[in-house]
Amino acid sequence: MSLAEIKNKIEIAAKESGRQSGNVTLLAASKMQDAEKIRPLIAQGQNVFGENRVQEAEEKWPALKREFPNVQLHMIGHLQTNKVKDAVTLFDVIQTVDREHLALDLAREMKRQNRHLPCFIQINTGEEEQKGGIPPREAEKFLKFCRNSGLNITGLMCIPPEHEPPALHFALLADLAKHLDLANLSMGMSRDFETAIRFGATCVRIGTALFGRR
Ligand SMILES: *Cc1c(COP(=O)(O)O)cnc(C)c1O
């Protein structure tokens, strides 16, 4: 799909659920896409991107950000603690805060670099063992921990289990964010972003539908 087609679908889904499309950020998930694929999207006005791996992001984004200083880069993958320093330097938002040790390291590094990035807590809505994220029932306690550490937590993100209908997971994340008084909800990918918007997503992360298959 073209960028315009996706934006149109976002607009329709937002309108149908009584929302304004301007409240939904389209994040282009650019993992495994090289700069030649990314540049034309930026030229068309796309300015929020997400990457999964610090090392891969470091290979393409420092140059792209020099070229296009308005682009915002979100970390949307598992963040290893030995990559925290580089992540704080390169990214503008960290969406995947998912354990105490990482929260502490991020807070310390942000102070050191004086770069206080907005962060999201990743919630493991399906309580899948192989997946990162905080179980929903521990979210409140973890939010307090993060804030006591000095992190600026502004939202929640989730990746629903692959073989389940996502709607229940989106509903759960939306309820949790409301309960915790967090404004941002990062949920929905290529195959389910319209559903996510109906449940209140403020950020949809789209890769395949935008770039084609990886
Ligand atoms: C790759 C990725 C996406 C985009 O997935 P698509 O199905 O290609 O749209 C979204 N979120 C995360 C965390 C991802 O790793």
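The first residue of the sequence shown is numbered 1, and numbering continues consecutively from there. All ligand and atom numbering here is 1-based and tracks the order in the structure. In this text, all values refer to a predicted model and were calculated from it rather than measured experimentally.
For a threshold of 3.5 Å applied to N or O pairs, the pair formed by Gly207 and ligand 1 contains at least one separation below that value.
Taking atom 10 (C) of ligand 1 as the reference point, the nearest protein heavy-atom neighbour is Met189 SD, 3.2 Å. Annotation: atom 13 (C) of ligand 1 to nearest protein heavy atom, Ile76 O, 3.3 Å. The nearest heavy-atom contact from the protein to atom 8 (O) of ligand 1 is Thr208 OG1, 2.5 Å. Protein heavy atom at the shortest distance from atom 9 (O) of ligand 1 is Ser190 OG, 2.4 Å.
Heavy-atom proximity to Ala29, at under 4.0 Å, picks out these atoms of ligand 1: 3 (C), 4 (C). Near Ile206, meaning under 4.0 Å from one of its heavy atoms, ligand 1 places the atoms 9 (O). Interface atoms of ligand 1 facing Ile159, defined by a heavy-atom separation under 4.0 Å, are 13 (C).
Judged by the shortest distance from any of its heavy atoms, Arg214 lies inside the 4.0 Å radius around the atoms of ligand 1.
Put simply, CG on Leu104 and SG on Cys146 are 8.5 Å apart, with the number rounded to the nearest 0.5 Å. Atoms OG1 and CD, on Thr154 and Gln95 in that order, are 8.5 Å from each other to the nearest 0.5 Å.
Summarising the geometry of Ser30 relative to Glu56, their closest heavy-atom pair is O-OE2, 4.2 Å, with the distance given to 0.1 Å.
The local environment of NZ in Lys9 is sparse, with at most 12 non-hydrogen atoms from other residues, nucleotides or ligands closer than 6.0 Å. The 12-atom threshold is exceeded at CD of Gln130, counting heavy atoms of other residues, nucleotides or ligands nearer than 6.0 Å. Remark: Asp181 CG is loosely packed, at most 12 non-hydrogen atoms of other residues, nucleotides or ligands lying under 6.0 Å away. More than 12 heavy atoms of other residues, nucleotides or ligands lie within 6.0 Å of NZ in Lys131, so this atom counts as buried by the packing criterion.
Under 4.0 angstrom from ligand 1, the non-hydrogen atoms of Asn52 all belong to its side chain. The residue Leu210 has no part lying near ligand 1, judged by heavy-atom distances below 4.0 Å.
Between Gln122, Arg213, Arg205, Lys31, it is Lys31 that holds the heavy atom closest to atom 2 (C) of ligand 1.
With Phe120 as the partner, the side chain to side chain contact (heavy atoms under 4.5 Å, CB included) test is satisfied by one option alone out of Ile94, Leu182, Leu156, Val93: Val93.
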